[in-house]
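A short write-up of the structure that comes next.
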Amino acid sequence: MTDPFELQDLDSAPPPARPAAYLDTPNASQREAGETVDGPVLVLAGAGTGKTRALTTRLAHILLQNRAHPGEILAVTFTNKAAREMQERVGSMLGVPVEGWWVGTFHALAARILRRHAEGVGLKPNFAILDTDDQVRLLKQILDAREIDPKRFPPRTFSAVIQRWKDRALAPDQIPQAEAIDALDGHAMAVYIDYQDQLQRLNAADFGDLLMLCVRLFQLQPETLKAYQRRFRYILVDEYQDTNVAQYLWLRLLAQGHRNLCCVGDDDQSIYSWRGAEVGNILRFEEDFPGARVVRLERNYRSTPHILGAASGLIARNQGRLGKTLWTDLDEGERVRVHGVWDSIEEARWVGDEIEARQARGERLSTIAILVRTSAQTREFEERLITLGLPYQVIGGLRFYERQEIRDAVAYLRVIHSSDDDLAFQRIANVPKRGLGQATLQTIHLHARARGVPMIRAIRELLGTDEFKPKAKKTLTDLLDDFERWRVEAQDHAPAEICDIVLEESGYTEMWRTDKSLEAPGRVENLRELVVGLSEFETLTSFLEHVSLVMDNEDLKTTDKITVMTLHGAKGLEFDTVFLPGWEEGLFPHQRSLDESGTQGLEEERRLAYVGITRAKKRANITFAANRRVYGQWQSSLPSRFIDELPSDHVEREGEPGLARGGFADEASAFDHVSGPGYGAGWKRAQQSRQSRPDDRVFARAGAGADGLDVGQRVFHQKFGYGKIRALDGDKLEIDFEKAGRKKVMASFVEVA
DNA sequence: TGAGCGTAGTTTTTT
DNA sequence: ACTACGCTCA
């Protein structure tokens with residue numbers, strides 16, 4: 001088998017429908033990226049150029065040429081979704097699932113290594129991995145002990161500073177002097193020291209520690225490092241532009257010997273610097289790894305020339321990029337539309353109408369996305385889409401294991417798994433309510449601190465005294481008995497059974513069953529789902545690892561719905577039609593980004609705009625509004641400078657005559673942001689036309705919908721849930737919602753319950 | 001323990 | 001405008 005690519009045999013095992021381009025054999029660049037397996041390689045993969053194709057090609061090449069066994073390959077991603085996809089794609093390319101290779105996220109892989117050598121960094125192998133709640137709870141305690149005013153210095157701020165330090169793999173003793181003094185008036189440094197001490201005492205690591213401690217481990221134990229260097233003969237990294245310093249160091253250490261490191265990424269899609277990602281890592285690759293081969297993937301299989309042209313023209317404004325020239329041989333297609341509107345309400349209406357029109361032409365809603373800059377923007381679109389009766393899904397928000405009930409349930413399991421897990425214990429000590437108030441917990445905490453023992457142990461010691469009131473004593477005795485019993489039962493029951501037993505016997509599920517709030521039934525449902533999910537796991541240990549590192553967002557539902565999400569969330573996805581609302585100065589580019597990071601911030605916002613446009617396969621629609629509500633206040637706004645920066649040949653300006661006028665930098669009549677809008681007349685016209693042409697749909701429905709509505713009537717509203725009508729005023733209703741409280745809504749938004 | 005009130009913050013998000 | 005939180009008081 002000289003040519004591995006002939007083995008694709010896609011006919012006999014057709015994968016699920018994918019863009020045709022991916023079914024082709026690799027193009028020359030993809031092939032070069034795939035076959036250059038020795039030495040460092042940087043694959044610069046522009047948007048939509050088939051980087052996954054190149055990556056899987058490479059893996060197949062290595063395996064089929066017997067250059068390495070699966071167990072000698074390390075493949076690193078940022079998200080679990082990406083890891084899964086890689087696993088699947090390689091499997092389907094080779095026709096058999098690949099087993100035994102290390103594929104996963106930076107954090108999961110680092111944790112796996114760290115567990116094996118935990119003692120090397122002062123942890124025990126069963127160390128707990130903290131979630132953000134745990135971190136904040138711990139930090140609160142530290143601030144308390146240090147008498148730092150949590151009003152002036154909120155725990156979250158410390159969390160952020162410490163995380164950024166860990167992103168740079170800086171342990172407390174490695175913080176540069178200047179930062180140690182400056183950060184949060186010097187408090188950050190002191191808190192960081194305490195925080196790390198506490199983590200060690202608790203036998204716990206946070207997400208940042210996984211990488212930082214792993215790097216530390218490699219530095220302290222050269223033999224351990226060597227063993228992994230020998231083991232992983234080929235290393236692949238996805239989304240390299242998103243790596244932080246700790247991840248970079250980790251990779252560099254692992255690749256040091258053979259240097260068979262292949263990093264795939266796109267500097268133009270680096271949008272995560274605010275959480276520690278260093279574009280510098282990708283920009284510096286050739287210096288970091290001398291002799292590195294750089295392969296550019298520039299043929300785009302996704303978007304039409306107009307879309308690519310608009311995106312390319314925009315991103316070309318950025319300094320300090322490696323530079324790529326994307327091209328495609330798809331048909332010209334439609335220009336990028338830029339549409340100006342009076343306000344954000346009209347914007348939502350316009351987008352909704354456009355989508356309705358597309359749907360009427362038989363286009364599926366799942367091929368359409370609304371990509372916003374901030375999650376707050378989703379609300380107006382949601383309301384509009386509900387009014388129009390168009391199904392949609394908002395992506396983002398809480399993930400499964402971040403939900404309160406899941407975290408609580410997991411906390412129970414953590415305590416059973418390790419009775420030393422104080423943070424987990426504190427979380428559920430009084431959930432459901434057992435009458436263990438602050439005073440009792442404080443007593444326990446103080447004793448535990450003083451004696452240097454875990455809280456459960458402290459309780460045991462205190463139960464022999466009269467420290468607790470009789471009632472608390474009884475409750476605590478019972479609770480400890482419960483945990484003891486569950487721990488014993490965990491020996492010979494599957495994790496799913498234990499979970500079920502615990503949730504029932506502790507009264508936790510019951511707590512939600514009797515809760516009459518709107519979301520309670522969903523929580524009970526989630527708990528059931530957790531138990532079902534648990535059934536795949538043999539041990540509590542493996543489940544807990546899974547739940548803290550691997551469990552992620554449900555995938556996009558396959559049902560036919562419009563997708564509403566942030567631009568950040570959209571990276572890596574594609575849609576036929578994309579709506580990009582809110583292209584206004586201050587919102588996009590976001591003011592805060594400009595204020596805090598200046599030119600760098602602006603360039604990252606521009607990359608975000610680039611990511612947004614390049615999500616579109618066929619149609620990109622940019623909108624901007626002259627008025628928008630910001631923190632509850634109506635404010636007028638100017639079109640985004642990014643609109644000016646779009647090359648005019650690829651753009652079609654439209655809207656009310658004069659609305660989107662004057663916009664392009666490569667035309668003589670450059671838009672002037674400083675001297676004020678030259679489109680006032682246009683806005684007025686837009687406003688008039690809006691007023692004289694009210695939305696007939698709403699009024700038609702309101703007329704019909706108000707029938708059968710009266711004070712006291714119970715109704716249902718898609719967003720607010722159930723409620724009772726309090727007052728009627730034409731088509732306006734005042735409703736007391738059971739969950740959401742008193743709201744004024746249009747009759748068209750509710751239905752009789 | 002829970003309701004009621006005032007204050008502050010409100011970009012992006014994975015693991 | 002809205003919310004989430006921490007505080008006070010019953």
Side-chain angles (χ1 to χ4, degrees), chain A residues 76-83 104-112 129-132 134-136 140 149-152 154-157 159-160 163 166-167 205-212 214 238-239 242-244 246-247 270-277 344 371-380 395-399 401-402 430 432-440 545-553 565-572 582 586-597 601 604-605 607-609 611-612 628-635 740-741 743-744:
Chain A
V76 197
T77 64
F78 271 86
T79 65
N80 295 298
K81 188 176 165 209
T105 63
F106 276 101
H107 292 86
L109 295 167
R112 195 162 158 189
I129 296 170
L130 303 194
D131 64 29
T132 39
D134 296 325
Q135 285 176 46
V136 169
K140 266 188 196 143
D149 180 7
K151 283 256 166 67
R152 268 188 75 199
R156 295 214 159 269
T157 316
S159 171
Q163 276 186 68
K166 290 185 176 180
D167 287 340
D206 64 20
F207 285 119
D209 282 333
L210 297 176
L211 267 299
M212 184 177 81
C214 206
D238 195 14
E239 305 277 17
D242 289 338
T243 50
N244 60 34
Q247 289 156 342
S270 165
I271 54 175
Y272 285 114
S273 72
W274 51 273
R275 62 179 201 211
S344 50
L371 307 180
V372 295
R373 174 63 184 86
T374 70
S375 47
Q377 288 169 263
T378 58
R379 212 185 118 178
E380 272 174 310
I395 308 293
L398 283 192
R399 279 156 309 143
Y401 82 95
E402 283 173 339
N430 198 31
K433 296 214 167 22
R434 339 183 136 82
L436 295 178
Q438 215 185 352
T440 309
E545 191 82 349
H546 178 85
V547 88
S548 50
L549 289 174
V550 184
M551 220 161 182
D552 61 1
N553 257 337
M565 68 199 312
T566 64
L567 288 161
H568 283 90
K571 187 156 72 111
L587 180 60
F588 192 33
H590 201 281
Q591 194 56 46
R592 207 154 152 181
S593 197
L594 302 178
D595 290 346
E596 287 173 11
S597 316
E604 182 149 318
E605 295 283 308
R607 291 193 289 268
L608 203 45
V611 167
R628 181 174 299 275
R629 223 190 310 225
V630 182
Y631 302 144
Q633 294 282 95
W634 281 102
Q635 287 183 1
K743 305 269 181 200
K744 286 194 178 116

Can you list the residues that meet the side chain to side chain donor-acceptor pair (under 3.5 Å) rule with A:T77, with sequence neighbours excluded?
none
Take atom CZ of A:F207 and atom P of B:dT15, then tell me their distance rounded to the nearest Å.
8 Å
Heavy atoms only: give me the nearest A:A205-A:L210 pair and the separation to one decimal.
CB-CD2, 4.3 Å
Base, sugar-phosphate alone, or nothing: which one does A:E596 contact when heavy atoms must sit under 4.0 Å apart?
base
Figure out the CZ/P separation between A:R156 and C:dG6, and round it to whole Å.
10 Å
Checking B:dT15, B:dT11, B:dT13 against the side chain of A:T566 (C-beta onward), the nearest is B:dT13
Examine distances only and state if a side-chain atom of A:S593 and a backbone atom of A:H590 form a donor-acceptor pair shorter than 3.5 Å.
no
Does a nitrogen or oxygen in the side chain of A:N80 sit under 4.0 Å from OP1 or OP2 of B:dT14?
no
Determine the contact category for A:Y631: base if any of its heavy atoms lies under 4.0 Å from a base atom, sugar-phosphate if only primed atoms, P, OP1 or OP2 are that close, otherwise nothing.
base
Option from A:T105, A:D238, A:L109 for which side chain to side chain contact (heavy atoms under 4.5 Å, CB included) with A:V76 holds:
A:L109
If you only use heavy atoms from C-beta on, which nucleotide in C:dA1, B:dT13, B:dT11 is closest to the side chain of A:S593?
B:dT11
Checking all strands, does A:K433 fall into the base, sugar-phosphate, or nothing category for heavy-atom contacts under 4.0 angstrom?
sugar-phosphate
Closer than 4.0 Å, any side-chain N/O of A:S375 to the OP1 or OP2 of B:dT11?
no
Between A:R434 (CZ) and B:dT1 (C1'), how many Å, whole number?
16 Å
Can you tell which of B:dT10, C:dG6, C:dC2 lies closest to the side chain of A:R379?
C:dC2
Output, in order, the C-alpha distance, side-chain angles, deciding distance and verdict of side-chain contact (heavy atoms from CB on, under 4.5 Å) for A:H568 and A:R373.
CA-CA 8 Å; A:H568 283 90; A:R373 174 63 184 86; 3.9 Å; yes
A:E604 or A:L436, whichever maps to the more 5' nucleotide of DNA chain B:
A:L436
Within the structure shown, what part of the strands sits under 4.0 Å from A:D209 by heavy-atom distance: base, sugar-phosphate, or nothing?
nothing
Short side-chain N/O contact from A:R629 to OP1 or OP2 of C:dC2, under 4.0 Å
no
A:L549 has a side chain; which of B:dT15, B:dT14, B:dT12 sits nearest to it?
B:dT15
Is there ring stacking between A:Y272 and B:dT12, where the centres must be under 5.5 angstrom apart and the planes under 30 degrees?
no
Between CD of A:E380 and P of C:dC2 the distance, given in whole Å, is 12 Å
Taking only side-chain N and O atoms of A:N430, does any of them lie within less than 4.0 angstrom of OP1 or OP2 on B:dT1?
yes
Regarding the side chain of A:T79, the nearest nucleotide among B:dT15, B:dT11, B:dT13 is B:dT15
Mark this stacking check for A:H107 against B:dT15 as yes or no, applying ring centres under 5.5 Å and ring planes under 30°.
no
What is the distance, rounded to the nearest whole Å, between atom CG of A:L371 and atom C1' of B:dT12?
13 Å
Starting at CD of A:Q633 and ending at C1' of B:dT10, how long is that distance when rounded to a whole Å?
14 Å
Just the rounded figure in Å: distance from P of C:dC5 to NZ of A:K140.
8 Å
Using atom CG of A:L587 as one end and atom P of B:dT10 as the other, report the distance to the nearest whole Å.
16 Å
With rounding to the nearest 0.5 angstrom, report the CG to CD distance, A:L594 to A:E605.
6.5 Å
Can you tell me, in whole Å, how much space there is between the P of C:dC2 and that of B:dT13?
22 Å
Across the strands shown, which category fits A:Q438 at heavy-atom distances under 4.0 angstrom: base, sugar-phosphate, nothing?
nothing
